[in-house]
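Working notes for the structure below.
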Amino acid sequence: MAYPFGEIEKKWQKHWADKKTFRAENKSVKPKYYALDMFPYPSGAGLHVGHPLGYIASDIVSRYKRLKGFNVLHPMGYDSFGLPAEQYAIQTGQHPEKTTKDNIARYREQMDKIGFSFDWEREVRTSDPNYYKWTQWIFIKLFNSWYNPETDKAESIDTLIPKLKNFSSLSEKEKSDTLMNYRLAYLSEAWVNWCPQLGTVLANEEVKDGVSERGGYPVERKLMPQWSLRITAYANRLLNDLENIDWSESIKESQRNWIGKSEGSSLKFQVADSKLGIEVFTTRPDTVFGVTFLTLAPESELLSELTTAENKKAVDEYVHYAKNRSERERQSDVKKVTGQFTGAYAIHPFTGEKLPIWIGDYVLAGYGTGAVMGVPAHDSRDHAFAKHFGLPIKQVVEAPKDWDIQKESFDAKEGKCINSDLINGLEVKDALKKIISEIEKRGLGKGKTQFRLRDAIFGRQRYWGEPIPVYYKDGIPHVMEENELPLVLPEVDKYLPTEDGEPPLARAKNWKHQGKYEYEKTTMPGWAGSSWYYLRYMDPQNKNEFAGKDALNYWKDVDLYIGGAEHATGHLLYVRFWTKFLFDLGLIPVIEPAKKLINQGMIQGMSAFIYQSISENKLAPTLYLSNELLHKDDVRSDSFEKVEEIFVKSGLSNQEIKDVKYRPIRIDISNLKNENELDVEKLKSKKDFKDGVFFKEEDGRFLVLREVEKMSKSKYNVVTPDDICTNFGADTLRLYEMFLGPLEQSKPWNTNGISGVFGFLNKFWRLFHKGEEFDQFVISNDEPTKPEIKILHKTIKKIQQDIENYSFNTSVSAFMICANELTELKCNKRSILEPIVILLSSFAPHIAEELWEKLGHKESITFAKFPEFNEALMTDDSYDYPISFNGKMRFNMELSLSLTPAEIEKEVLANEQSKKFLEGKQPKKVIVVPKRIVNIVV
RNA sequence: GCCGAAGUGGCGGAAUUGGUAGACGCGCUGGUCUCAAACACCAGUGGGCUUAACACCUGUACGAGUUCGACUCUCGUCUUCGGUACCA
């Protein structure tokens, strides 16, 4: 008989909600602890078993910290603006707000069933006007700020104006345009990732492999006026401050790569017979004597002036080609070298040589100056370009012997400079210093640091996002007054772009600032609201401020932040950026949002595939083959003869039958009977499959192919936590998700081990109960024995250490060991069990509350005190020493811990068994490690 | 290509500063209980050798090395997963 988890869990979930057990106070004498989960986007698919993994971990820590006497802030909310709800709205006409509300209700219901200790009074939703009012407010602050390089922080734009020459004499439009070059939120013409299918631009990190991350649509480059945030101003600080936060090395490394700092020099090349100059950025100015050509990006503005008449046609054609080559193509054939000679030449600033000027799409317009100096001998890309177009290759750094510079470039930043005039003979490191100072002395350029990081495009041509609080007056953008916020998202008749290609907001009727001025029509990107939500949780109801000073100063920053690693270069970079910005303005007391970050591993799904026939002939019925049939060596098996028969009957010709192909298609895993067998009848009840002909294995089973993939609705492999809560209870789900393995590791979901965890909870329950049905609560008040005390203290120590190391899988094992040992001792003593219930309460709170109440406590176990362990009570007087000979363990020997190493040695050597292994020889050496091991070298 | 993480039984995974490899759980085998099943309980379970036991050999991706002693440290090789991709 299983313990009554159903009743218990319902009872305590209600109790916690009614009593507001987990309410956090903004004023407290207790130390604070802020445990934050990345809030979810409430998708229509509901919560799957991957979501709670991190939530359970942070919940364990939160409950543990409460027991340790902390005032814990553990909130939850919803990142509720975003594309899927809008796509759904376009399809169905249903307002995204409605969809979002419904989805949130479902998420909430699912989360409530798992027994999280969230303070629900602090819930935030980014799509709520009371919330996005402050997102807009921060945008206005960004607009009104610039980054002062001298103070190295953001300041009000007012401090910039006195530094600008002749500013007051400029026209309004000119003033606006000038300041736009400085504002941290600014409007500019920018090359963007335009996704025609989604009808919007995407940020760099929303594009994966040249297609949109959501939906997988092609992305092309387009020049458009765009609102952007000047995150690049913070590049250095975003990089340097990584040193001081306890985040995983892999996340820090991806941020470092994303920021991509490189040091080098700018260098100007004069164009021959022209006033034009071309500035390049290079990290290897030491190779300047190896330059044999220059390459410009196809987007370069200089092209029109540079290109000679006879090359104009070819250049135009190339530019056209390069522009229309989608990002995807560019990326998929990186190896393909393309380019075009402009006909123009540049003058080498040191040697005066004439260098041909080329364009090539391996040069990116957005990085550096959009121009590179070609040093084919020491840069593999330049090398490939030079080889392809037959340009000379000139070696200027010594390479290892037998290195054929014509065949392969020598890119390493080491060796002696050769053929290099004034830096001849210098090591690269020294040559760099010397040549940069020479470049600076001659006024050709200067030492420079370049970042890969680009400014973040902030506008989206979409409906379901925060309106940007900007209006246009005489073509000049103005931000709204703070007291006019929020700028509420207007109603529209359709969620599609207008016929003229304007964003959906252009459909809003009479939507004008003060009834006169056009509002900005783009909305903010998905990451806007999530860039500061951790602050709003501190004071979510505040009507006057984004959060009150007292709350901000009390909670400060997040102590533990848990979420997916996929946000490494998106959200996690933006939230750091906004934090630093708000700090610069004196609005918050911290420069980093989270001290500690843990990336929980992804819980993958097991997709199921079956083979489907595809034929050109429409008359052909669709056949489905069991997994193994296609892999049989003898394809002419009985089944295949039948397959052909069917096709013949449908009127297919021999050739058409030959052309029939089979492809694996995903089917919903709810159609499976067990691990790899399909319930054919169930699948046939679905309309897409009802006319299919299914071919089974000889034994009558229809097998599917299982493959581990990301768990997602579109892959039909989602497992929700609900069934487990119903069948085994939330406590089992919580323990099981932790027991699966280390938190940070990705793993496919399988329920094979769940009975073990469930069995443990029942066993634990039985420690407190007697009778046939284990329904009589019986506890003894006897004094505990020494072994019982030892078990208790060992467990306290282990659980505490494991929680502090976020090693939850091993704590679950420790609980199991503890229950096994106490069961063995038939221990039902209050003095042992009571503290263990407290330990367990962070992991399995419902059963713990119930037992706690039965133990006679009136208050929730949340307010109990975490027991302390005493090392002295855990140790025995003796230790069972493993005795090894030449490092090989041979036998064990129980020895008193009071013995000195010399005494141990004597005892061991005197032992009968030792004599056998010594074979009469004298031991060369005896190593005794007290309380560890004895090793005898023979 | 580059960066990061990781390779341990049939499976998920344990193993303090280098100190009994395989904890705990699943699965499997045998048994007790039961009319039967479920639950529960007991015993066993890396591989090899041996009729069997005692014992022995071998074993943490592979190959070397350091050490009294290596899953753990060093060097090299291979594989898998994740991130990233012409950033000059």
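Residue numbering restarts at 1 for every chain, and letters A, B, ... go by the order of the sequence lines. Heavy atoms only: backbone and side chains are in, while hydrogens, waters and symmetry mates are out.
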Options B/G27, B/G83, B/G13, nucleotide nearest the side-chain atoms of A/Ser254: B/G83
Short side-chain N/O contact to B/C41 OP1/OP2 from A/Lys763, under 4.0 Å: yes
Main-chain N/O of A/Ser266 paired with A/Lys448 side-chain donor or acceptor, under 3.5 Å: no
Touch class at under 4.0 angstrom, heavy-atom based, for A/Asp382 against every strand present: nothing
Touch class at under 4.0 angstrom, heavy-atom based, for A/Ile927 against every strand present: base
A/Leu391 vs A/Pro356 side-chain heavy atoms within contact, under 4.5 Å: yes
Value in whole Å for how far the C1' atom of B/C39 lies from NE2 of A/His769: 17 Å
Side chain of A/Asp379 - closest among B/A23, B/C68, B/A88: B/A88
Whole-Å distance separating the CZ atom of A/Phe739 from the C1' atom of B/G13: 8 Å
Nearest-Å distance for atom pair CD1/P, residues A/Ile603 and B/C81: 19 Å
Near-ring test A/Trp358/A/Phe293, centroid separation under 6.0 angstrom: no
Options B/A23, B/A88, B/G19, nucleotide nearest the side-chain atoms of A/Asn935: B/G19
Minimum-distance nucleotide to A/Trp258 side chain [options: B/C68, B/A88, B/A85]: B/A85
A/Met738 CE to B/C26 C1', straight-line distance once rounded to whole Å: 18 Å
Under 3.5 Å: donor-acceptor pair, side chain of A/Ser409, backbone of A/Ser380: yes
Pairwise C1' distance for B/A85 and B/U16, with rounding to whole Å: 41 Å
Of the listed nucleotides B/C24, B/A88, B/A85, the one nearest the side chain of A/Ile817: B/C24
Sugar-phosphate only, base, or nothing, as touched by A/Val929 at under 4.0 Å among non-hydrogen atoms: base
Sugar-phosphate, base or nothing in reach of A/Ser884, heavy atoms under 4.0 Å: nothing
Candidates B/G25, B/A23, B/A88 - which lies nearest the side chain of A/Met816: B/G25
Between B/U72 and B/U60 - P atom distance, rounded Å: 9 Å
Chi angles and distances behind the ring pair (Phe, Tyr, Trp, His ring centres under 6.0 Å) call for A/Phe739, A/Tyr736: CA-CA 5 Å; A/Phe739 190 58; A/Tyr736 185 61; 7.1 Å; no
Sugar-phosphate only, base, or nothing, as touched by A/Glu744 at under 4.0 Å among non-hydrogen atoms: nothing
Rounded distance in Å between the P positions of B/U29 and B/C39: 14 Å
Selection from B/C24, B/A14, B/C86 that lies nearest to any side-chain heavy atom of A/Thr810: B/A14
Inter-nucleotide P distance (B/G63, B/U8), Å rounded: 16 Å
A/Val397 and A/Phe410, any side-chain heavy atoms less than 4.5 Å apart: yes
Separation of the P atoms in B/A70 and B/U58, to the nearest angstrom: 13 Å
Proximal nucleotide (of B/A88, B/G13, B/G25) relative to the A/Ser262 side chain: B/A88
Sugar-phosphate only, base, or nothing, as touched by A/Ser248 at under 4.0 Å among non-hydrogen atoms: nothing
Presence of A/Arg890 side-chain N/O under 4.0 Å of B/C57 phosphate oxygens OP1/OP2: yes
Distance between P atoms of B/C71 and B/A61 (Å, rounded): 9 Å
Chi class for B/G63: syn within 90° of 0, otherwise anti: anti
N/O donor-acceptor pair under 3.5 Å between A/Lys261 side chain and A/Ile259 backbone: no
Touch class at under 4.0 angstrom, heavy-atom based, for A/Asn809 against every strand present: sugar-phosphate
Spacing of A/Arg256 atom CZ relative to B/U84 atom P, expressed in whole Å: 17 Å
A/Arg890 to A/Phe885, cation-pi by 6.0 Å centre distance and 45° axis angle: no
A/Lys747 NZ - B/C11 P separation (whole Å): 18 Å
Shortest side-chain distance from A/Asn820, nucleotide among B/C41, B/C86, B/G25: B/G25
Euclidean distance for C1', B/C2 against B/C73 (whole angstrom): 27 Å
Short side-chain N/O contact from A/Gln745 to OP1 or OP2 of B/G13, under 4.0 Å: yes
Whole-angstrom distance between B/G25 and B/C33, as gauged at atom P: 25 Å
Polar side-chain contact A/Asn752-B/C26 base: donor and acceptor under 3.5 Å: no
